[in-house]
Amino acid sequence: MSRILVLYTGGTIGMDHTPEGLAPAPGLLPRLLQRFERPGLAFDVIEFEQLIDSSAVTPRQWNQIIDALVSRYPDYDGFVVIHGTDTMAYTASVLSFALQGLSKPVVLTGAQLPLVHPRSDGWANLADALEAACQPDLNEVAIAFDRLLLRGNRARKLDAERFDGFNSPNAEPLAQFAIHAHWRRERWLKPEGEWRPTRINENLKLAALMLTPGHGSALAGMALQAGGLDGAILLAYGSGNAPADPVLLSGIEAMKARGCPVLTLTQVMKGAVEVGAYAASQPLARAGAWPGGDLTPEAALGKLQVLLSGSVAGEALREAMSRALRGEMTV
Ligand code: ASP
């Protein structure tokens with residue numbers, strides 16, 4: 001018998017038609033979930049008081065999910081988090097780092113079409129998420145979507161129209177669901193260390209700044225110099241290249257002087273930052289930005305969010321950002 005806790009936070013999957021358009025419908029999803037009752041599976045559903053469109057997610061909701069999960073952790077074999085697709089990759093990333101020492105499955109899912117729609121993709125996504133949450137050796141945070149199980153901190157929402165809305169461009173899936181479930185256990189994380197979940201500091205100010213030709217780099221530099229940020233990621237070009245814009249570089253130096261991390265990522269969907277592949281990658285690194293490898297922006301922000309919440313700083317932060325803590329980057 002597998003005991004699963006389902007946390008329902010909102011998202012399209014449980015929405016219903018209203019005169020204003022689709023909106024969360026309290027009570028609807030827990031009712032529809034009864035369809036998954038079967039021998040060998042027992043699940044409880046917690047519907048969050050405020051069901052949200054996930055575009056409105058904040059660190060407060062992340063803490064609510066962490067608290068709900070942590071307080072019931074010993075009572076269940078696995079967890080399913082039902083979440084809107086818009087920010088599912090951010091939440092999955094945050095959870096993957098916050099739930100240190102996780103030794104049970106935490107599987108996020110949602111849908112592109114609500115369950116009340118006759119062609120909803122939600123039924124299959126829920127079925128796959130529940131199945132994955134019953135695997136006792138899945139020690140990680142994953143996303144089940146359109147017949148794929150993806151590592152949560154590698155996943156990205158890549159399509160707002162098709163049912164294959166998610167993929168993990170720099171990592172192979174953890175499973176594929178067809179007539180049989182094809183579990184790729186050799187890719188799964190091993191349980192690591194003791195269970196030491198952490199909450200998120202809700203006051204941290206992190207930004208993702210995308211460099212664009214023309215004034216874009218200077219504008220990013222101004223945001224860094226303004227002094228309000230605790231950390232930032234720069235979405236540079238290709239393998240981590242950027243113009244040697246003096247405003248951008250002094251912005252990075254100002255962050256460094258305040259002890260605040262700046263990470264260079266690529267705005268390309270696939271591939272990694274590689275300092276030295278091009279001369280144009282050097283100025284950012286010399287100014288003090290750390291190369292983020294093939295981290296997704298969602299994973300980089302989630303990792304910074306959790307490490308900074310735990311007051312990891314200086315060399316320890318740099319070291320933690322340069323290696324994979326939860327399978328989030330290729331080293
Ligand atoms: N706007 C919705 C949300 O993220 C989209 C979805 O769930 O598919 O909550």
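Order of appearance sets the numbers: ligands from 1, and atoms from 1 within every ligand. This is a predicted model, so every value here is computed, not measured.
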Provide, to 0.1 Å, the distance between atom 8 (O) of ligand 1 and the closest protein heavy atom, together with that atom's residue and name. Thr85 OG1, 2.5 Å

Sub-4.0 Å heavy-atom contact, Ala111 with ligand 1: yes

Are any of the N or O atoms of Lys157 closer than 3.5 Å to those of ligand 1? no

Please check if the number of heavy atoms outside Glu161 that lie under 6.0 Å from its CD is greater than 12. no

Numbered atoms and elements of ligand 1 in range of Gly11, under 4.0 angstrom, heavy atoms: 7 (O), 9 (O)

Is there a polar contact, in the sense of an N or O pair closer than 3.5 Å, between Ser54 and ligand 1? yes

Around atom CD of Glu319, are there more than 12 heavy atoms of other residues, nucleotides or ligands at under 6.0 Å? yes

Is Lys104 close enough and on-axis enough to Phe79, meaning under 6.0 Å and within 45°, for cation-pi? no

Geometric N/O contact Thr12 with ligand 1, under 3.5 angstrom: yes

Does the side chain of Thr330 pick up a donor-acceptor pair with the side chain of Arg154 at under 3.5 Å? yes

Would you call the rings of Phe36 and Trp123 parallel, tilted or perpendicular, taking 30° and 60° as the class edges? tilted

So is Thr87 polar-close to ligand 1, meaning N/O to N/O under 3.5 Å? no

Using only heavy-atom distances, determine whether the side chains of Ser55 and Asp86 contain a donor-acceptor pair under 3.5 Å. no

